[in-house]
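Below is one structure; the comments refer to it alone.
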2 protein chains.
Amino acid sequence: MSRCPHTHASARTYGIAELAQEFEITHRTIRFYEEQGMLCPQRRGQERIYSSKDRVALILILRGKRIGFSLAECKELIELYDPHGGNQVQLNSMLQKIYERRLQLEQQLLDITQMQLELDAAEQRCLAALDKID
Amino acid sequence: MSRCPHTHASARTYGIAELAQEFEITHRTIRFYEEQGMLCPQRRGQERIYSSKDRVALILILRGKRIGFSLAECKELIELYDPHGGNQVQLNSMLQKIYERRLQLEQQLLDITQMQLELDAAEQRCLAALDKID
DNA sequence: CATTACCTTTACGTAAAGGTAAACCTCGCA
DNA sequence: TGCGAGGTTTACCTTTACGTAAAGGTAATG
């Protein structure tokens with residue numbers, strides 16, 4: 001069973017080595033994320049079998065990390081992504097979190113463009129100094 | 001001396017409490033950054049006197065941190081900002097670092113816009129679920 | 001003079017995010 | 001059948017970025 005009954009877009013599964021290679025991270029890292037409750041692979045005996053949902057979670061984690069989110073924050077992102085209904089209170093709290101994340105992202109955009117400007121200036125100083133050397 | 005002889009744009013100085021309040025960080029944090037060689041306050045007896053250069057460094061550190069740079073990376077940014085001449089080899093290595101930072105910032109921009117899209121989608125799901133409740 | 005407020009140092013603690021090592025299972029196959 | 005490739009767990013180690021006492025100097029204030 002579960003062998004692609006109605007081809008639900010992605011019944012594909014992945015081994016740990018496969019994911020580790022694709023995303024250039026270690027096995028330990030992947031298991032660590034599981035310890036933290038961010039991945040939920042099935043088991044075949046001892047072996048972990050990752051679903052494409054796990055793979056998506058990994059993508060979210062790694063993207064979050066690249067822009068400086070903590071794992072706890074990445075976990076929240078995954079929960080936002082997850083379709084798990086919830087009652088009215090929960091939904092409103094999710095909307096609140098989404099709002100806060102958006103503010104944070106906007107601040108980060110400002111920080112990044114500001115930093116780009118400063119890199120430009122630093123580059124100019126370098127080039128000018130090199131110019132003087134000749 | 002040093003009492004504003006030719007009003008060099010900013011002979012202003014700052015106390016630790018002042019900076020801590022302005023940037024909403026603790027004294028400990030500021031002293032820690034000094035331990036790491038990122039701030040170089042003068043001393044009046046035991047007391048630390050911060051220059052506006054120190055203040056700029058703090059700004060760079062905090063901005064760097066907001067987008068997930070490590071303190072080591074922030075330190076590099078400060079050094080890029082710092083005008084300290086250097087020979088041809090050093091200048092070229094600085095240019096290389098600037099180039100790498102730029103690439104990283106571009107990746108971060110991609111990550112952020114992607115994440116914004118996902119927040120949009122998550123918000124839609126929340127709103128749709130709330131809609132169903134009514 | 002004593003208190004209060006702010007500064008200092010030294011030193012140990014800690015959470016986050018994994019790295020690394022040791023030792024074991026187990027499957028396929030030559 | 002035996003061995004290697006790839007999987008597993010447990011458990012301790014490390015780095016980063018500070019937090020948190022403990023213990024005391026200094027300066028104004030009542």
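All chains are named by letter (A, B, ...) in the order of the sequence lines, taking the proteins before the strands, and each is independently numbered beginning at 1. Below, each value reflects all heavy atoms present in this structure, side chains not excepted, and no hydrogens, waters or symmetry copies.
Look at CG on B:Leu62: it is 13 Å from P on D:dA17, rounded to the nearest Å. Protein atom CD of B:Gln42 is 14 Å distant from nucleotide atom P of C:dT8, rounded to whole Å. For A:Glu34 and D:dT9, the CD to C1' distance is 12 Å, given to the nearest whole Å. For the pair B:Ile16 CD1 and C:dT9 C1', the interatomic distance rounds to 12 Å; values are reported in whole Å. Distance B:Lys75 NZ to D:dA17 P: 12 Å, rounded to the nearest Å. Between the CZ atom of A:Phe32 and the P atom of D:dT10 there is a distance of 16 Å, rounded to whole Å. Between A:Glu47 atom CD and D:dA5 atom C1' the separation is 12 Å, expressed in whole Å. When rounded to the nearest whole Å, the span between CD1 of A:Ile25 and C1' of C:dT20 equals 17 Å.
B:Arg43 comes within contact range of the sugar-phosphate backbone alone, with a heavy-atom separation under 4.0 Å but no base atom that close.
If B:Glu18 and B:Glu35 are placed on DNA chain C by their nearest nucleotide, the residue sitting closer to the 5' end is B:Glu18. Between A:Ile49 and B:Thr29, it is A:Ile49 whose nearest contact on DNA chain D lies nearer the 5' terminus.
Taking a 6.0 Å sphere around CZ of A:Arg44, one finds it holds 12 or fewer heavy atoms contributed by other residues, nucleotides or ligands.
Within the 4.5 Å cutoff, the side chain of B:Leu60 has no heavy atoms near those of the B:Met38 side chain.
A:Gln108 contributes a side-chain N or O that, together with a main-chain N or O of A:Ile67, makes up a donor-acceptor pair within less than 3.5 Å. In terms of modelled atom types and a separation under 3.5 Å, the side chain of B:Arg63 and the main chain of A:Leu110 share no donor-acceptor contact.
When the side-chain nitrogen and oxygen atoms of B:Arg31 are compared with OP1 and OP2 of D:dA17, none of them lie within a distance under 4.0 Å. Between B:Arg48 and C:dC7 there is no side-chain N or O to OP1 or OP2 distance below 4.0 Å. Checking the phosphate oxygens (OP1, OP2) of D:dA17, no side-chain nitrogen or oxygen of B:Tyr33 falls inside 4.0 Å.
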Taking protein heavy atoms under 4.0 Å as touching, what does nucleotides 20-29 of chain D look like 5' to 3' if B marks base contact, S marks sugar-phosphate-only contact and - marks none? B---------

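For the pair B:Glu73 and B:Lys97, the salt-bridge criterion is not met [side-chain N within less than 4.0 Å of a carboxylate O]. Ion pairing between a basic and an acidic side chain is recognised when a charged N comes within 4.0 Å of a carboxylate O; B:Glu22 and B:Arg55 show such pairing.
By the salt bridge (charged side-chain N to carboxylate O under 4.0 Å, His left out) test, A:Glu106 pairs with no residue at all, sequence neighbours left out.
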